[in-house]
**Q** 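Just passing along the structure, written as structure tokens.
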Amino acid sequence: MSPETAKSQETKTKLLEGALRTLTEQGIAKVSARTIATAAGVNQALVFYHFGSVDELLAAACRYGAERSVARYRPRFSAVTSLSELLAVGRQIHEAEQEGGHVALLGQLLAGAQTHDTLGPATAAGLELWIVEIEDVLRRVLAGTPFGEFTDPAGLARAVAASFVGIELYEGVDAAGANAALDALEQLGLLVAALEELGPVAQRAVRHHLRRTSRR
């Protein structure tokens, strides 16, 4: 890598991180080439030189932030062995992301998607990175259980991701209610875990009941 390329990459990274910091600290309404460049510590003309427009920079920052976050938690997802553990890990991630300001960032991205055309697809792509990780865990932990035959891991992964997104946004107006929702998800996980621990005869009965119900 030439020095020029290294310098260019360094500047782009500063702009990406500056955009994320501006969104988190000032909100989508205050985002501009000037505010982002100030947060990044660079000349605002570099926003257009490297990304073409503020919207394109925001879209790139959304993908950059999601890729960085997912990579940070990928080892924890890989170690999950049950649905209840997945939900517990999800809660831990939620708390860590909230403390780091990333929950507020998600809210700003979702709000900005209503008025910035490029942010909608970029935010969806960022969420998809989380969904892929969750789906991989679900396929692994549900295989061989009474539920593996009757669940759609791809759809369930989206339901889990949507639940956590909704809770993160809800927390801003009702922290106690959001906490109760997280408790309820963990209780659901414990119920599933209890069913998974049933003996083979009981598991066959559960499968038989689910097959009969699914044919109605």
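Values reported hereafter were calculated over all heavy atoms of this structure, with side chains retained and with hydrogens, waters and symmetry mates removed.
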**Q** Looking only at atom types and distance, does a side-chain atom of T118 sit under 3.5 Å from a main-chain N or O of A59, one as donor and one as acceptor?
**A**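 No; zero donor-acceptor contacts below 3.5 Å.
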**Q** For V31 and L23, work out which heavy atoms get closest and say how close.
**A**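 Shortest heavy-atom contact: CG2-CD2, 3.7 Å.
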**Q** With sequence neighbours excluded, tell me which residues meet salt bridge (Lys or Arg N to Asp or Glu O under 4.0 Å) with R68.
**A**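 Expected list: E17.
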**Q** Closer than 4.0 angstrom, basic N to acidic O: yes or no for R76 and E133?
**A**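 Salt bridge between R76 and E133, a charged N being under 4.0 Å from a carboxylate O: no.
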**Q** Is any side-chain heavy atom of R34 closer than 4.5 Å to one of V47?
**A**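 Not in contact.
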**Q** Keeping R140 on the side-chain end and V80 on the backbone end, is there a donor-acceptor pair under 3.5 Å?
**A**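 Yes, because the side chain of R140 sits within donor-acceptor range (under 3.5 Å) of the backbone of V80.
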**Q** To check you understand the geometry: which heavy-atom pair defines the closest contact between A33 and Q44, and what is its length?
**A**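 For A33 and Q44, the tightest heavy-atom pair comes out as O-CB, 3.7 Å.
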**Q** In terms of relative ring orientation, are H94 and F164 parallel, tilted or perpendicular, with 30° and 60° separating the classes?
**A**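 Ring orientation of H94 relative to F164: tilted.
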**Q** What are the two closest non-hydrogen atoms of A122 and R63, and how far apart are they?
**A**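 Residues A122 and R63, closest heavy atoms: CB-NH1, 3.9 Å.
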**Q** A side-chain contact here means heavy atoms from C-beta on lying under 4.5 Å apart; do Y49 and L15 qualify?
**A**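 Y49 does not reach L15 side chain to side chain.
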**Q** Determine the minimum heavy-atom distance between S53 and F48, stating which atoms define it.
**A**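 S53 and F48 have their closest heavy atoms at CA-CD2, 4.1 Å.
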**Q** Just wondering, do D55 and L119 contact through their side chains at under 4.5 Å, heavy atoms?
**A**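 The answer is no, as the side chains (C-beta and beyond) never meet within the 4.5 Å cut-off.
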**Q** Does the side chain of T13 reach to within under 4.5 Å of the side chain of Y64, using non-hydrogen atoms?
**A**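 Yes. Closest side-chain heavy atoms under 4.5 Å.
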**Q** Please check if the number of heavy atoms outside D117 that lie under 6.0 Å from its CG is greater than 12.
**A**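 At most 12 heavy atoms, drawn from other residues, nucleotides or ligands, come within 6.0 Å of this atom.
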**Q** I'd like to check the salt bridge (Lys or Arg N to Asp or Glu O under 4.0 Å) partners of R158; sequence neighbours left out, ordered by chain and number.
**A**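 R158: salt bridge (Lys or Arg N to Asp or Glu O under 4.0 Å) contacts with E128.
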**Q** For a quick test of reading the model, state the closest non-hydrogen atom pair linking L20 to C62 and the distance between them.
**A**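 Distance-wise, the nearest heavy atoms are CD2-N, 4.5 Å.
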**Q** Applying side-chain contact (heavy atoms from CB on, under 4.5 Å) to K14 and H50, what does each step give before you reach the verdict?
**A** CA-CA 11 Å; K14 286 181 178 179; H50 288 290; over 6 Å; no
**Q** What is the minimum heavy-atom distance between L86 and I134, and which atoms define it?
**A**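 So the two residues come closest at CD2-CG2, 4.2 Å.
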